[in-house]
Amino acid sequence: VAEVGDGEHPIASTPGPTSIMVPASVTKIGNFAFGGNQNLREVSLPPKLTSIPEVLFHTCESLVSVKIPASVQSIGVEAFAECRSLKSIVIPEGVKSIGKVAFRDCSGLTSVTVPASVTNIGEVAFIRCSRLAKINVAKGNRAYRSVSGALYTADGTTLVEWPAGSPIADATIPDGVTNIVRYAFSDCPNLVSVAIPASVVRIGDMAFDKCPKLSCFYTDADNVDRLKSIAAANNLERVRVEERPAAQMKRKAKGAKAAY
């Protein structure tokens, strides 16, 4: 057997074994081949597989372990979406791309490291991973980096994704960031405030969607009005925009010194 077609594996969507080892002869697996199976807990993929296709393990809610071979170069869209029992996964060096929402709703996921070989990560690959506190990036990656557990482009201009399980309540976006992609902070229940530098010129649609505690954006004094306009354009009128507390304290200190 060299190929398993779309949804063709005998355990897909039916009661079946809790573990499976795909034969070494298989070089290609179709979309959703294992999707929807509620019993599957462990999978060992074949050594010559180069791609984990779209929705391969979608809604395999009991899946706790997947051995990804070093031959894999891409992980498809929603490949592991809703694998709620998956606590950690090793993405091997050699993987170049991780598809859009590849790990969506993996609510048990607590650890992940983007290898140095990855050059492209699709939109919010780890959205709603409610226990994921950090998105780690391996040393040597030239496309991405991790700052305070959040995923940024290596040049520091784009905030790609803030992990939903981050314990940080008051987030600070570094100076130099110009773009916050859409859904970047979506479903972050611990987020209360975000300090946004004047360098930010674009906040994507739904960037702060479903952040129930979010109440304030802080920024530089001369950027308050502009940030209010950006926030309003993104339907974030409910969030106050204020001058950074540190800047307020510094200004007051200067005033006090001058008065003295």
N/O donor to acceptor pairs below 3.5 angstrom from side-chain atoms of residues 92-100, sequence neighbours left out:
residue : atom : partner : partner atom : Å
Glu93   : OE1  : Ala116  : N            : 3.2
Glu93   : OE2  : Ser117  : N            : 3.2

Checklist entry - Which heavy-atom pair separates Ala102 from Gly76 by the least distance, and what is that distance? => result CB-O, 3.7 Å

Next on the checklist: Under the side-chain contact (heavy atoms from CB on, under 4.5 Å) test against Val112, which residue among Asn136, Ile89, Leu86 passes?
Outcome noted: Ile89

Item to check | Distance-minimising heavy-atom pair for Arg238 and Cys211 | outcome: NH2-O, 3.7 Å

Checklist entry - Is there a side-chain contact between Phe126 and Pro163 (heavy atoms, below 4.5 Å)? => result no

Checklist entry - How far does CG of Leu56 sit from CG of Leu49, to the nearest 0.5 angstrom? => result 8.0 Å

Checklist entry - Between Phe80 and Val66, is a side chain to side chain contact (heavy atoms under 4.5 Å, CB included) present by the stated rule, with each step listed? => result CA-CA 10 Å; Phe80 293 92; Val66 178; 3.9 Å; yes

Next on the checklist: Using a 4.5 Å cut-off between side-chain heavy atoms of Ile, Leu, Val, Met, Phe, Trp and Tyr, which other residues end up in the same hydrophobic cluster as Val181?
Outcome noted: none

Next on the checklist: If I take atom OG1 from residue Thr59 and atom CD from residue Glu78, how far apart are they, to the nearest 0.5 angstrom?
Outcome noted: 8.5 Å

Checklist entry - Short question: side chain of Asp155, backbone of Thr157 - any donor-acceptor pair under 3.5 Å? => result yes

Checklist outcome for this item: Residue pairs passing the salt bridge (Lys or Arg N to Asp or Glu O under 4.0 Å) test with at least one member in residues 167-179, sequence neighbours excluded, are Asp175-Arg244

Checklist entry - Pro174 and Pro197: which non-hydrogen atoms are nearest, and at how many Å? => result O-CG, 3.4 Å

Checklist entry - Between the side chain of Ser85 and the main-chain N/O of Leu63, is any donor-acceptor distance below 3.5 Å? => result no

Item to check | Val43 with Val72, same ILVMFWY side-chain cluster at under 4.5 Å | outcome: yes

Checklist outcome for this item: Value for CG (Leu109) from CZ (Arg128), rounded to nearest 0.5 Å, stands at 14.5 Å

Checklist entry - Any side-chain heavy-atom pair from Val160 and Thr153 closer than 4.5 angstrom? => result yes

Checklist entry - What pairs meet the salt bridge (Lys or Arg N to Asp or Glu O under 4.0 Å) rule with one or both residues in residues 37-61, with sequence neighbours excluded? => result Glu61-Arg84

Checklist entry - Are Ile91 and Val114 close enough, and set up right, to give a side chain to side chain contact (heavy atoms under 4.5 Å, CB included), and what steps lead you there? => result CA-CA 7 Å; Ile91 302 174; Val114 175; 5.6 Å; no

Next on the checklist: Quick check: do Ile135 and Tyr144 have side-chain heavy atoms less than 4.5 Å from each other?
Outcome noted: no

Item to check | Main-chain N/O of Ala195 paired to Thr172 side chain as donor or acceptor, under 3.5 Å | outcome: no

Item to check | Mutual orientation of the aromatic rings belonging to Phe32 and His58 [parallel < 30°, tilted 30-60°, perpendicular > 60°] | outcome: tilted

Checklist entry - Partners of Arg131 by salt bridge (Lys or Arg N to Asp or Glu O under 4.0 Å), sequence neighbours excluded? => result none

Checklist outcome for this item: Residues pairing under salt bridge (Lys or Arg N to Asp or Glu O under 4.0 Å) where one sits in residues 159-169, two or more places apart or in two chains, turn out to be none

Checklist entry - Which residue pairs pass the side-chain hydrogen bond (donor to acceptor under 3.5 Å, both in side chains) test with at least one member in residues 224-235, sequence neighbours excluded? => result Asn223-Arg226

Checklist entry - According to a 4.5 Å side-chain heavy-atom criterion applied to Ile, Leu, Val, Met, Phe, Trp and Tyr, with indirect links allowed, do Val26 and Phe34 form part of one hydrophobic cluster? => result yes

Checklist entry - Can you name the salt bridge (Lys or Arg N to Asp or Glu O under 4.0 Å) partners of Arg145, sequence neighbours left out? => result none

Checklist entry - Which pair of heavy atoms, one from Pro53 and one from Ile29, lies closest together, and at what distance? => result CG-O, 3.0 Å

Next on the checklist: Is there a continuous path of hydrophobic side-chain contacts, each under 4.5 Å between heavy atoms, that joins Leu132 to Ile68?
Outcome noted: yes

Checklist entry - Can you tell me if Asp187 uses its side chain to pair, donor with acceptor, with the backbone of Ala164 under 3.5 Å? => result no

Checklist entry - Are Phe103 and Val124 connected in the hydrophobic side-chain network, where two residues link if heavy atoms are under 4.5 Å apart? => result no

Item to check | Side-chain cluster (under 4.5 Å, hydrophobic types only) that Leu214 belongs to, other residues | outcome: Val147, Tyr152, Leu159, Trp162, Ile168, Ile173, Val177, Ile180, Phe185, Leu191, Val194, Ile196, Val200, Ile203, Phe208, Phe217, Val224, Leu227, Ile230, Leu236, Val239, Val241

Next on the checklist: Test side chain to side chain contact (heavy atoms under 4.5 Å, CB included) on Val101 and Tyr183; report intermediate values, then the result.
Outcome noted: CA-CA 11 Å; Val101 293; Tyr183 295 108; over 6 Å; no

Item to check | Heavy-atom closest pair, residues Pro115 and Asn141 | outcome: O-ND2, 2.8 Å

Next on the checklist: Please enumerate all residues that pass side chain to side chain donor-acceptor pair (under 3.5 Å) together with Ser74, with sequence neighbours excluded.
Outcome noted: Ser51

Checklist entry - Would you say the side-chain atoms of Ser62 pair up with the backbone N or O of Asn39, donor to acceptor, closer than 3.5 Å? => result no

Checklist entry - Which heavy-atom pair separates Ser71 from Pro47 by the least distance, and what is that distance? => result OG-O, 2.8 Å

Item to check | NZ on Lys134 to OG1 on Thr110, rounded to 0.5 Å | outcome: 12.0 Å

Next on the checklist: I need the Cys216 SG to Arg240 CZ distance, nearest 0.5 Å.
Outcome noted: 4.5 Å

Item to check | Within residues 198-211 or reaching into it, pairs that qualify as side-chain hydrogen bond (donor to acceptor under 3.5 Å, both in side chains) - sequence neighbours excluded | outcome: Asn179-Arg202

Next on the checklist: If hydrophobic clusters are built by linking Ile, Leu, Val, Met, Phe, Trp and Tyr wherever their side-chain heavy atoms come under 4.5 Å apart, do Ile127 and Val137 end up in the same one?
Outcome noted: no

Item to check | Those residues that, when tested against Arg182, pass salt bridge (Lys or Arg N to Asp or Glu O under 4.0 Å) (two or more places apart) | outcome: Glu123

